[in-house]
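Accompanying notes for the structure given below.
In what follows, chains are A, B, ... by sequence order, proteins preceding strands, each numbered from 1.
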There are 2 protein chains.
Amino acid sequence: MAEENKTALSQFRETIHKIKSYEEALGVLYWDLRTGAPRKGMDTRSEAIGMLSGDMFKLQTSPELGEWLSALEQKGTYENLSEIDQRLVTETRKDYDRSVKIPPKLYQEYVVIAAQTENKWEEAKAENDYESFRPYLDKVISYTSQFIDLWGAKATRYDTLLDQYEPGMTVAELDHVFGGLREKLVPLAAAIAASPHQPDKSFLRQSFDKEAQKSFSLYILEQMGYDFEAGRLDESAHPFATGLNPGDVRITTRYLADDVTSALFGTIHEGGHALYEQNIMPELTGTTLSTGTSMGIHESQSRFWENVIGRSRPFWERYFGELQRRFPGQLDVSVDQFYRGNNTVQPSLIRIEADELTYNLHIIIRYEIEKLIFNSGAKAADLPEIWNDKYKEYLGIVPPTYAEGVLQDVHWSGGAFGYFPSYSLGNMYAAQFADTMERELPGMWSLVGEGNLIPIKEWLKERIYRYGKLRTPSELVSSVTGKPLDPQYLVDYLTKKYTDIYKL
Amino acid sequence: MAEENKTALSQFRETIHKIKSYEEALGVLYWDLRTGAPRKGMDTRSEAIGMLSGDMFKLQTSPELGEWLSALEQKGTYENLSEIDQRLVTETRKDYDRSVKIPPKLYQEYVVIAAQTENKWEEAKAENDYESFRPYLDKVISYTSQFIDLWGAKATRYDTLLDQYEPGMTVAELDHVFGGLREKLVPLAAAIAASPHQPDKSFLRQSFDKEAQKSFSLYILEQMGYDFEAGRLDESAHPFATGLNPGDVRITTRYLADDVTSALFGTIHEGGHALYEQNIMPELTGTTLSTGTSMGIHESQSRFWENVIGRSRPFWERYFGELQRRFPGQLDVSVDQFYRGNNTVQPSLIRIEADELTYNLHIIIRYEIEKLIFNSGAKAADLPEIWNDKYKEYLGIVPPTYAEGVLQDVHWSGGAFGYFPSYSLGNMYAAQFADTMERELPGMWSLVGEGNLIPIKEWLKERIYRYGKLRTPSELVSSVTGKPLDPQYLVDYLTKKYTDIYKL
């Protein structure tokens with residue numbers, strides 16, 4: 001490699017390392033804000049966060065970075081880079097082009113509008129007042145549209161938004177997979193509703209000691225192979241996981257006094273995110289590749305652990321006794337009753353409270369609405385009616401209020417259009433990965449039944465976790481499962497599971 | 001003011017704000033490291049801290065900052081600045097000159113050496129091995145000497161080091177005040193040792209419930225007027241207070257299972273530091289003046305609350321019942337016994353375990369040794385003998401091991417020469433402030449006896465806290481007490497207190 005390109009490479013790598021250090025520092029500040037930072041310090045803290053974010057943005061969009069990228073992309077240079085450097089160049093180029101296309105002034109305006117809209121959303125939801133929120137939402141939509149213009153529309157305008165969260169994902173592919181999913185899940189949900197074998201879950205609603213809940217959550221995390229020397233469990237209003245570096249991946253949960261499994265499944269979910277981030281190969285540490293490859297793949301890991309493993313019959317055959325022991329006299333039901341009680345299906349209005357099956361229908365509705373906004377010009381004024389019609393059609397219920405309908409999620413207020421599909425992609429990826437695992441890891445379900453979860457974690461580490469962003473989502477799915485994303489795995493998984501539970 | 005100077009001022013202020021934001025972000029990262037950050041993430045975290053510190057240092061030593069300072073210092077400009085801006089210019093000039101005089105390469109070498117020396121110190125102390133530590137300490141001394149050369153010696157070479165922690169403090173002044181102190185305290189300690197009225201403190205050593213200790217610590221903090229919406233109490237191996245901004249001033253403590261007052265007095269001490277930082281005037285927020293004006297003044301506030309208030313008889317007349325209630329059956333002694341038990345004087349080897357009186361002798365010994373090193377060329381090899389001779393002379397005891405002698409403190413390993421005097425300066429300032437308070441706040445001790453501590457906090461806020469770094473230590477002492485620092489106040493306070501307790 002020519003001397004000048006060696007210099008470009010070392011300066012490029014140094015800048016990447018700096019960007020990653022900023023991300024890590026900001027990660028600690030955000031974690032702190034959400035786990036107990038004192039209220040009165042928040043305004044000044046926000047200024048410090050703004051300053052660091054601004055410095056990081058300058059670094060990410062500096063002309064020098066553009067020049068180093070161009071030098072490293074040259075024919076004769078790129079091919080001689082290591083696999084990691086090649087991927088770093090490709091990923092950084094993508095982020096760079098995205099960022100430099102937005103004039104800083106426009107972006108700053110947008111950040112303010114989005115913050116105002118989030119505040120307004122909170123009020124509007126509390127007061128069930130869509131009308132006052134509508135003009136704010138239209139503004140966020142309009143800014144997002146301007147960004148699409150600046151970035152350039154892909155196959156459709158909405159494709160440009162999808163690609164932010166799930167690189168390479170398209171409307172064409174999602175129409176296909178979500179179409180397949182909807183077609184099978186709507187009748188499955190109907191069959192479940194018509195079943196005379198409805199599980200009882202009333203025993204889950206009692207008063208459960210918080211310390212005992214916490215002790216059980218910690219125990220399960222340890223069973224999953226979560227490394228407590230490389231993380232910690234705290235509490236926050238909204239549970240989250242944050243990977244600061246592979247040696248410091250923190251999770252939070254929220255304990256409900258009257259629900260014995262809410263915090264537990266939340267912890268397993270965040271624990272799944274955390275296992276991903278804790279097990280990325282050390283060669284990527286200090287680079288922007290040391291994180292999950294997409295929102296959808298990340299969500300596949302949280303949902304694999306929460307649903308595929310954590311809500312499985314073998315899991316509870318092993319762990320229900322441990323749970324019972326922590327709540328003496330409170331859980332006098334059979335393992336079967338407990339398992340079924342934690343796997344009920346019921347069409348409902350609120351996405352975040354939905355079961356494993358109908359959850360996907362909530363997502364498909366949002367996906368279809370986002371397409372209508374960016375590809376067909378739907379306005380904020382149109383959304384409540386579209387929302388209600390789709391809930392009627394797919395779930396058979398209509399929200400009595402805006403708060404339980406179109407106003408329930410924060411995502412759109414903050415401009416996160418294109419994010420929702422990740423959740424269902426996560427379910428589909430998880431089912432597809434699980435199918436491969438069942439074939440490649442013989443006796444997988446016996447391991448779960450014995451409480452030997454480590455081989456499962458190790459399999460995921462070798463096949464998925466370690467690569468971080470070194471593989472794109474579609475490369476990863478193909479390399480792990482030998483096939484592209486296919487919704488049939490999720491359909492089969494859900495059909496098999498609920499046919500058994502509801503004796504269909 | 002000329003247009004160009006207006007620009008210089010606004011760019012100067014912006015840079016100061018940025019420096020302060022870096023300090024705040026770094027403050028959160030350090031707090032996190034010391035209150036539970038996972039072990040395995042520390043190496044990568046240190047790199048992030050190094051990156052931020054490096055960026056901050058670049059800002060603090062940038063040629064532009066030098067130019068803005070020069071512009072603002074010009075005759076005709078400086079006089080037209082606000083009081084705050086004038087002080088910011090003076091303070092920043094001082095830091096700037098200090099920082100730019102050290103070549104970055106030399107400083108980086110020194111940082112590495114100091115870190116190695118701290119590690120070596122930990123080993124050496126554990127193994128009571130001075131010989132292997134000696135060459136490391138000599139290196140730190142040699143770097144510090146080079147820094148004095150670069151900064152330029154003041155009246156004596158050691159004066160240059162003192163000024164870092166206590167701006168304006170000199171060897172001449174310290175020789176005077178420490179001389180006065182030593183002359184009075186050595187015979188007072190001897191009289192106490194000879195008294196037949198030695199208090200019993202055996203009742204303090206039992207097993208005390210940690211949660212009850214915590215609840216009492218929180219209660220006392222609240223009584224002191226610590227604002228929990230602008231702070232929080234955590235645990236760490238070494239208690240500390242950190243002022244991130246006036247709305248976020250955190251403290252930590254450490255609970256000992258077999259000592260009912262160790263964590264409590266530690267919490268009151270850190271609480272005193274915290275009250276200072278929480279009550280700095282909002283006009284200084286976001287500037288480098290929004291912190292305590294010196295180590296000595298800061299220490300005066302922690303020691304005022306811990307010793308003058310927290311170890312006073314009226315304090316326990318009010319609060320002993322509250323403490324007893326939290327430990328039923330464990331503290332069946334009278335208030336007088338409890339008060340005297342917490343105020344015993346006993347020459348001892350370890351500074352951090354020393355009582356209010358002999359503590360000052362520990363400090364004077366370190367001060368005299370530091371002077372010998374930097375003003376008379378003493379080497380690391382000379383220190384154990386000097387140390388032991390001085391302990392023999394001032395405290396009448398000789399350490400049987402290096403670990404209990406010259407190796408007991410971390411300060412020198414990290415190059416913090418000139419820091420120790422702050423602790424005794426704090427005691428002297430505290431006594432002098434208390435004398436003024438007694439005269440200006442009539443019934444001060446009745447307020448303490450009634451548990452009405454807020455007027456005391458408010459007096460300190462109005463006279464001391466609010467000014468942050470807007471006044472220098474000597475300006476502050478003069479403006480509050482009408483006199484320069486005078487050791488006689490501490491001598492009088494200790495004499496009165498122990499004459500009563502030991503019936504001298």
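Interface remark: T285(B) contributes side-chain atoms only to the contact with chain A (heavy atom separation under 4.5 Å). Using a 4.5 Å cut-off between heavy atoms, D55(A) touches chain B through its side chain atoms alone. For D227(B), the part lying near chain A is the side chain, with the backbone staying farther off; criterion is any non-hydrogen pair under 4.5 Å.
Here R45(A) is the residue among E47(A), R45(A), R232(A) with the most heavy-atom pairs under 4.5 Å with chain B. When each of V249(B), L244(B), I49(B), N245(B) is checked for heavy-atom pairs under 4.5 Å with chain A, N245(B) comes out on top.
With a 6.0 Å radius and a threshold of 12 heavy atoms from other residues, nucleotides or ligands, Y107(B) has its OH atom at or below the threshold. Around the CD atom of Q116(B), the shell of radius 6.0 Å holds more than 12 heavy atoms that belong to other residues, nucleotides or ligands. Annotation for E462(B): atom CD counts as buried by contact number, over 12 foreign heavy atoms lying within 6.0 Å.
Of all residues in residues 20-41 of chain B, those placing a non-hydrogen atom less than 4.5 angstrom from a non-hydrogen atom of chain A are S21(B), Y22(B), E24(B), A25(B), V28(B), L29(B), W31(B), D32(B), T35(B), G36(B), A37(B), P38(B), R39(B), K40(B), G41(B).
Residue M51(A) holds its CE atom at 10.0 Å from CD1 of I19(B), rounded to the nearest 0.5 Å. Between L52(A) atom CG and L52(B) atom CG the span is 6.0 Å, to the nearest 0.5 Å.
Here D95(B) pairs with nothing under the salt bridge (Lys or Arg N to Asp or Glu O under 4.0 Å) rule; sequence neighbours left out.
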